[in-house]
Amino acid sequence: MNIHEFQAKQLFSRYGIPVPRGRRADSVEEAVAIANELASSVTVVKAQIHAGGRGKAGGVKLAKSRDHVEALAREILGKTLVTPQTGPQGKVVKKLLIEEGVSIGHEFYLSLVVDRASASIAVVASREGGMEIEEVAAKHPEKIIKVFIDPTIGYQPFHGRRVAFALGLPKDVVNAFVKLLGSLYSLFMAKDASLVEINPLVLTTDQKFVALDGKMNFDDNGLFRQEDVRAFRDLDEEEPLETKAAEHNLNYVKLDGTIGCMVNGAGLAMATMDVVKLAGGEPANFLDVGGGATKETVKEAFGILLADPHVRGVFVNIFGGIVRCERIAGGIIDATREVRVGVPLVVRLDGTNADEGKRMLAASGLDLDVADTMWQGAQRIVALAQKGRA
Ligand code: ADP
Ligand code: MG
């Protein structure tokens, strides 16, 4: 799960990591009221979307007067920001962060991330922080510092000093940095984060550290015990079909193609997407109805697949293990009577009671194709979907 910058900054604050004074605004009036409260010489108006790269896309702007704040808030609220992280369709700005302008001495990059390869928490840092960090990482990887923290030992001041010296920090701010990184590590562990990133971490002209930006990702499997993190969830920022699928315990990820896939088990779902591509098609989604799929799950899954207007054909690929194929067949028959499918449907059933399932489908009189193998099924659905479009 992702959260907004203003929410990450609330967490930073609770853990003693300095952030600029500021608050979230949902309207132009609120933005102006906050600017009045802050009464700072420079006020920063920042788009809050779940994507980075806002600065370059015109989503972060500095104002020198209250009138200017009003004009900028009016300009940015409701605007569609397109950044390298939003995809070409962009994201509509629905919230702002209004904060005081900070007098920047130097911009550093600092992040913590779960590093699976070394089974540790990696501290990633650079002197070349700011909006060009991706380019620095690509062209000058030697400018990116990495220090690994073994989670069974935890953060120790020497980790902090190692990063501080590699960053070339002035001597009199090293202790402050060691403390800041320790706080960041505590926050990361306490909240089951998978990433926390401060870009830029600023050393101000009067030699104080301030987190000017904040990004956090959390491990979804830890959310059950992170009530305060769950409260940060913003459905405006999520794919509505994915939210609906999650409510029914379906693992659904929307993709850009036209072949809707309904599969049981993540491994078979991956294999199905591969085989659809091999047959010349593009999957419209990843959908795993799970090992314990019932008639109801199948019905919900059809509803979600068909709600995507790009779907030109549906391929149901089930391997009956714990799931019995005749139940899936029953679910398909029920679902296609209730939900108008309207696009070609190919079903491949194998495993427990597959023959019974196929017999039921054949006897149902429904307009669908039954395939004997996964490869035949994939070729068939791709051909039918293409014909439908022509
Ligand atoms: P993004 O990473 O999405 O582009 P940032 O929050 O990092 O957005 O802002 C982009 C740039 O704007 C920063 O690198 C910094 O130079 C400047 N900036 C952001 N917030 C402030 C602030 N409160 N005061 C001064 N400059 C700021
Ligand atoms: Mg940033």
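Since the structure is predicted, the reported quantities are computational estimates derived from the model, not experimental observations. Atoms within a ligand are numbered from 1 in the order they appear, just like the ligands themselves.
By the 4.0 Å heavy-atom criterion, Glu100 is counted among the residues contacting ligand 1.
Where the criterion is an N or O separation shorter than 3.5 Å, residue side chain and backbone included, Gly101 fails it with respect to ligand 1. Looking at ligand 1, you'll find an N or O of Gly55 within less than 3.5 Å of one of its N or O atoms. Below 3.5 Å of separation, one finds an N or O of Arg54 facing an N or O of ligand 1. Between Gly130 and ligand 1, not a single N/O pair is under 3.5 Å apart.
If you run side-chain contact (heavy atoms from CB on, under 4.5 Å) between Arg54 and each of Leu81, Ile76, Val93, only Leu81 comes through. Put simply, the residue from Ile318, Asp288, Leu268 that forms a side-chain contact (heavy atoms from CB on, under 4.5 Å) with Val263 is Leu268.
A salt bridge does not link Glu238 with Lys244: every distance from a Lys NZ or Arg NE/NH1/NH2 to an Asp or Glu carboxylate oxygen is 4.0 Å or more. With salt bridges taken as basic N to acidic carboxylate O contacts below 4.0 Å, none links Asp213 and Lys215. A salt bridge links Glu5 to Lys9: one of the charged nitrogens lies within less than 4.0 Å of a carboxylate oxygen. Under 4.0 Å is where a charged nitrogen must lie from a carboxylate oxygen, and between Arg23 and Glu30 no such pair does. Salt-bridge annotation for Lys95 and Asp234: present, with a side-chain N of the basic residue lying under 4.0 Å from a carboxylate O of the acidic one. A salt bridge links Glu356 with Arg359: the distance from a Lys NZ or Arg NE/NH1/NH2 to an Asp or Glu carboxylate oxygen falls below 4.0 Å.
Here is the list of ligand 1 atoms found below 4.0 Å of a heavy atom in Ile104: 16 (O), 26 (N). Interface of Pro200 with ligand 1, defined as ligand atoms under 4.0 Å from a residue heavy atom, comprises 7 (O), 13 (C), 14 (O). Close approach to Asn199 involves these atoms of ligand 1, each under 4.0 Å from a residue heavy atom: 7 (O).
Among protein heavy atoms, the minimum distance from atom 2 (O) of ligand 1 is reached at Asp213 OD2, 3.0 Å. The closest protein non-hydrogen atom to atom 22 (C) of ligand 1 is Val44 CG2, 3.5 Å. Looking from atom 6 (O) of ligand 1 to the surrounding protein, the closest heavy atom is Lys46 NZ, 2.7 Å. If you check which protein heavy atom lies closest to atom 10 (C) of ligand 1, you get Met131 SD, 3.8 Å. The shortest contact between atom 24 (N) of ligand 1 and any protein heavy atom is with Val102 N, 3.0 Å. Atom 21 (C) of ligand 1 has its closest protein heavy atom at Leu212 CD1, 3.4 Å. In terms of protein heavy-atom proximity, atom 12 (O) of ligand 1 is closest to Val60 CG1, 3.7 Å. Annotation: atom 23 (N) of ligand 1 to nearest protein heavy atom, Glu99 OE2, 2.8 Å.
Under 3.5 Å, the side chains of Asp67 and Ser65 contain no donor-acceptor pair of N or O atoms.
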Q: Go through the steps to decide whether Leu305 and Met262 satisfy the test side chain to side chain contact (heavy atoms under 4.5 Å, CB included), and finish with yes or no.
A: CA-CA 8 Å; Leu305 280 186; Met262 189 191 305; 4.0 Å; yes
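Crowding of Gln89 atom CD: a count of heavy atoms from other residues, nucleotides or ligands under 6.0 Å exceeding 12.
Excluding waters, the count of protein N/O/S atoms less than 2.8 Å from the Mg ion (ligand 2) comes to 2.
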Can you give me every donor-acceptor pair (side chain of residues 172-189, partner residue at least two apart or in another chain, under 3.5 Å) with its distance?
from	atom 1	to	atom 2	distance (Å)
Ser183	OG	Tyr15	O	3.4
Ser183	OG	Lys179	O	3.0
Ser186	OG	Gly182	O	3.0

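With hydrogens and angles disregarded, no donor-acceptor distance shorter than 3.5 Å links the side chain of Asn317 to the backbone of Ala269.
Protein heavy atoms all stay at least 4.0 Å away from atom 17 (C) of ligand 1.
Between His106 and Phe108, the two ring planes are tilted [angle within 30° to 60°].
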